[in-house]
Each structure stands twice: as C-alpha cells, then as structure tokens.
Amino acid sequence: MIKKSILGLLAIAFFAVSCSSDDDAAQVIMPEAGELSGGPYTFCIDGMPDMVSGITLNNPNAAGTNRGYVITDDLGNILGLPPTLDAVEGVDFDGAGSGVCLIWYLRYENGLEGLEVGMNASNLVGSFDLSNALTVTRNQPEAGTLSGGPFTFTVDGTPDMVSGISLDNPNASGAIGTYVITDDQGMILGVPPTLAAVEGVNFDGAGTGVCFIWYLRYEDGLQGLAMGMNTANLEGCFDLSNAIQVTRN
C-alpha cells in the first residue's frame, strides 16, 4: 500500500513538472516583424521638406512585446527611432544631407541592448526581429568652382577661343556633369559636354554681346536643359557653378 502511494505521488509530481515546463515554453515569444512596402524614395537636398509616404506594414503573424521603427544610414548606424509609422512619415529627410537612409520595422522583447541613436543595428543583442528595409536616397549635386578669364574678344572674323579654364570640385556630386553656355539673360546657347569642347567653341561667330560659361551637375530627370531654354527655368535636382564671362566686342 505504501509502495503504491509513493508511486502515485511520483506520478503526480512528474505531471506537475511536465505541465510547468509546457507553460514556460508557451510563454516564450519569438519576435516577428513582418514586411514593409513602399518606395524606394529619392529626394533632392534643396532646402524644401522631403517626407516619405505610402508605407504599409504587412505582419499577419506579428509577435513581440515591444515595437518601433528604426532609421539607419547605409552602414546600419542608427539615426532615429520613430515609434510609429506616423512619426516616420513626419521625418524631414532634407535636413539629413546627402546619402542613403534605410527604414526598418522592429519587434523585440524586453532587455534588448544596443537600440540607441549612434549605435549600429548589427550590434543589437537580445530577442528581436527586423523587417526588410526601405531605401531613401538623398541627392545633393555639387558643381564646384570654375576659374579662368574673364575673356574679352574682338569680333573680326578671326576665331576666338577661351583657354586656361579649370574646374575645382573636390566634393563634386551628381550623376551627370556638363558645361552650359548662356547669354547674359540666361538663355542657353550651347551645352558642350566637356571642358575640351568648351575650349573648342569659336566665340567670334556668335557676334557681339556677353556669354557666360557654367559647369552643371545634375541627377536624372532634369528638365529644361536645351538650347533656347533659360537656366532660370531648369527643374530637377541640379547645381550650377559660378559663371565665367566672355565679352565679344
């Protein structure tokens, strides 16, 4: 009888331990962030606010006690931690300067380490899951500075070419570069692609007046860059250098 009682107690104890283990296992949460959709976004740094929009989050199996968005640079360095999608869409990316940002969604459990501005997302330690990233590209064309001249020619039937022009642009940026020649009202007279092409222009053939030589850097999609148009009406992401004057008497 005593033997049977002992066996019965052992069985109850085993059952209790088994149930306790099952309950503990059931409480373990594996974070699941889901998937972000939207973009990619491309902005021009021009002093005008640039915000993302149309981002959606698909996470039918979302799990994780805590949540939030993470904005990093292209190396994973954390730049911001907006708590909601509304906060993400309120970020002005124009103020960040040129470069690439990434937007992530994060689900995680208490105790996550490394979730701070200035830290790197690759060094997060704890129980967490990051979604895919949306890309935000911030372009800021920089043309640099032209040196040379000013030039003064006499219109007399003899070819007149400029020379000795140099371009200083150590921080040059912009997918495309070209030179632009305008009159003194900004009307585009020519778009020579290289400095050699500029120095091959015969200004004697243009008659009397004043020309300006500019260097231009810009991104795809620039509108208005054509002969007969005015540089004041260029639309897109671009930067014009200073101008070198050519006077034709």
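If you're wondering where the values come from, they're calculated on a predicted model, not measured in any experiment.
For Gln245, the side chain to side chain contact (heavy atoms under 4.5 Å, CB included) partners at least two apart in sequence or on another chain are Pro150, Val210, Phe212, Thr247. Tyr69 is linked by a ring-ring contact (aromatic ring centres under 6.0 Å, His included) to Tyr105, counting only residues two or more places apart in sequence or in another chain. When the side chain to side chain contact (heavy atoms under 4.5 Å, CB included) test is applied to Thr84, the partners found at least two apart in sequence or on another chain are Asp86, Ala87. Among residues two or more places apart in sequence or in another chain, the side chain to side chain contact (heavy atoms under 4.5 Å, CB included) test is passed with Thr145 by Asn242. In this structure Met227 satisfies the side chain to side chain contact (heavy atoms under 4.5 Å, CB included) test with no other residue, sequence neighbours excluded.
Residues in residues 121-145 take part in no ring pair (Phe, Tyr, Trp, His ring centres under 6.0 Å) pair, two or more places apart or across chains. Listed by first and then second residue, the disulfide bond (SG atoms under 2.5 Å apart) pairs involving residues 130-208 amount to none (not counting sequence neighbours). Applying the side-chain hydrogen bond (donor to acceptor under 3.5 Å, both in side chains) test to pairs two or more places apart or on separate chains, those with a residue in residues 209-235 are Thr182-Trp214, Tyr215-Arg217. Screening residues 93-190 for disulfide bond (SG atoms under 2.5 Å apart), with sequence neighbours left out, gives no hits. Sorted by first and then second residue, the disulfide bond (SG atoms under 2.5 Å apart) pairs involving residues 195-244 (not counting sequence neighbours) are Cys44-Cys237.
Going from atom CE of Met48 over to atom CG of Asp92 covers 10.0 Å, rounded to the nearest 0.5 Å. Here the OG1 atom belonging to Thr158 is positioned 12.0 Å from the CZ atom belonging to Phe153, to the nearest 0.5 angstrom. A distance of 6.5 Å separates OG1 of Thr72 from CG of Leu79, quoted to the nearest 0.5 Å. Distance CD/Glu199 to CD1/Ile213: 8.5 Å, rounded to 0.5 Å. Separating the CG atom in Leu216 from the CG atom in Leu234 is a distance of 6.5 Å, to the nearest 0.5 Å. Once rounded to the nearest 0.5 Å, the distance linking CZ of Arg67 with CG of Asn59 reads 8.5 Å.
The closest donor-acceptor contact from the side chain of Asp50 to the backbone of Phe43 lies at 3.5 Å or more, if one exists at all. When atom types are taken as modelled, the side chain of Asp204 and the backbone of Asp156 share a donor-acceptor pair closer than 3.5 angstrom. Distance alone, capped at 3.5 Å, places no donor-acceptor pair between the Glu35 side chain and the Asn132 backbone.
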Hey, can you pull the donor-acceptor pairs under 3.5 Å for the side chains in residues 167-180, sequence neighbours left out?
unit_1: Ser173; atom_1: OG; unit_2: Gln140; atom_2: O; d: 2.7
unit_1: Ser173; atom_1: OG; unit_2: Glu142; atom_2: N; d: 3.2
unit_1: Thr178; atom_1: OG1; unit_2: Pro192; atom_2: O; d: 3.2

Only pairs under 3.5 Å count here: list side-chain donor-acceptor contacts from residues 115-125, not counting sequence neighbours, and write none if there are none.
unit_1: Asn120; atom_1: OD1; unit_2: Ser122; atom_2: N; d: 2.9
unit_1: Asn120; atom_1: OD1; unit_2: Ser122; atom_2: OG; d: 2.7
unit_1: Asn120; atom_1: ND2; unit_2: Leu75; atom_2: O; d: 3.0
unit_1: Asn120; atom_1: ND2; unit_2: Asn77; atom_2: OD1; d: 3.2

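Between the side chains of Asn110 and Asn66, at least one donor N or O sits under 3.5 Å from an acceptor N or O.
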ask   = Should Ser53 and Glu89 be marked as a side-chain hydrogen bond (donor to acceptor under 3.5 Å, both in side chains) after you check the CA-CA gap, both sets of side-chain angles, and the distance that decides it?
value = CA-CA 6 Å; Ser53 61; Glu89 296 186 340; 5.8 Å; no
